[in-house]
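See below for the structure under consideration.
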Amino acid sequence: MARPAPWWWWLRPLAALALALALVRVPSARAGQMPRPAERGPPVRLFTEEELARYGGEEEDQPIYLAVKGVVFDVTSGKEFYGRGAPYNALAGKDSSRGVAKMSLDPADLTHDISGLTAKELEALDDIFSKVYKAKYPIVGYTARRILNEDGSPNLDFKPEDQPHFDIKDEF
């Protein structure tokens with residue numbers, strides 16, 4: 001005749017489940033693989049050309065901002081490249097999309113205007129925008145020109161939801 005099961009027998013499936021959950025969670029916690037909430041940067045701002053010019057790297061206590069394709073990046077961590085007297089300081093404090101595309105520091109190229117660029121230059125601009133600026137530097141805003149047309153009307157091509165670090169509920 002079979003023996004009756006001990007009183008704790010019904011706890012066995014729960015203990016097995018607890019052990020399985022513990023085994024699943026412990027290694028990932030040790031490896032530091034637990035997901036963290038995304039860190040938010042400062043609120044995104046809209047910069048006029050005059051406002052952006054204030055962040056050209058001339059002031060020691062100011063951050064250094066540079067815009068490419070209408071997106072304003074905080075390049076202060078690259079001060080050795082963009083700060084006062086640095087090799088790429090001419091790009092700072094403005095939207096230098098044309099200069100970035102042409103890899104030029106000629107004052108005539110330090111503008112947002114990318115009209116007339118070759119397909120190769122436009123490809124270089126997109127590549128540098130993605131692989132250098134978006135990959136390395138935080139986005140702090142957009143140029144007014146990117147969001148507004150010359151007449152002040154909204155630029156319908158601007159899609160804030162496609163931009164990194166942008167939460168439409170908090171930013172506008």
Taking every heavy atom of Val68 against every heavy atom of Leu125, the minimum-distance pair comes out as CG1-CD1, 3.7 Å
Would you please name every residue forming a side chain to side chain contact (heavy atoms under 4.5 Å, CB included) with Glu49, sequence neighbours left out? Arg145
Qualifying salt bridge (Lys or Arg N to Asp or Glu O under 4.0 Å) pairs, either residue in residues 72-83, two or more places apart: Glu60-Lys79
Can you tell me if Glu123 has over 12 outside heavy atoms packed within less than 6.0 Å of its CD? no
Check His112 against Ser97 and note the closest heavy-atom contact, atom names and distance. O-CB, 4.0 Å
Do Ile114 and Glu121 make a side-chain contact, defined as non-hydrogen atoms from C-beta onward lying under 4.5 Å apart? no
Heavy-atom closest pair, residues Lys69 and Asp95: N-OD1, 3.7 Å
I'd like to know whether Glu58 forms a side chain to side chain contact (heavy atoms under 4.5 Å, CB included) with Asn89, so could you lay out the CA-CA distance, the side-chain angles of the two residues, the decisive distance to 0.1 Å, and finally the verdict. CA-CA 9 Å; Glu58 297 304 317; Asn89 176 255; 3.4 Å; yes
Supply the atom-to-atom distance Thr76 OG1 to Tyr55 OH, rounded to the nearest 0.5 angstrom. 10.0 Å
Are any side-chain N or O atoms of Arg98 and backbone N or O atoms of Asp113, one a donor and one an acceptor, separated by less than 3.5 Å? yes
Just verifying a value: how many Å separate Thr143 OG1 and Lys94 NZ, rounded to the nearest 0.5 Å? 14.0 Å
Would you say the ring centers of Phe73 and Tyr137 fall short of 6.0 Å from each other? no
NZ on Lys120 to OG1 on Thr118, rounded to 0.5 Å: 8.0 Å
For Leu66 and Tyr133, what are the C-alpha separation, side-chain angles and deciding distance, and is it a side chain to side chain contact (heavy atoms under 4.5 Å, CB included)? CA-CA 9 Å; Leu66 174 150; Tyr133 293 105; 3.7 Å; yes
When every non-hydrogen atom of Ile64 is compared with those of Ala92, the smallest separation belongs to CG2-CB, 3.8 Å
Which heavy atom of Asp109 sits nearest a heavy atom of Ser104, and at what distance? OD2-OG, 2.7 Å
For the residue pair Tyr88 and Tyr82, categorise the inter-ring angle as parallel (less than 30°), tilted (30 to 60°) or perpendicular (more than 60°). tilted
Exercise: identify the closest heavy-atom pair between Ser96 and Ala90: OG-O, 4.4 Å
Beyond-backbone contact of Phe47 with Val140, side-chain heavy atoms, under 4.5 angstrom: yes
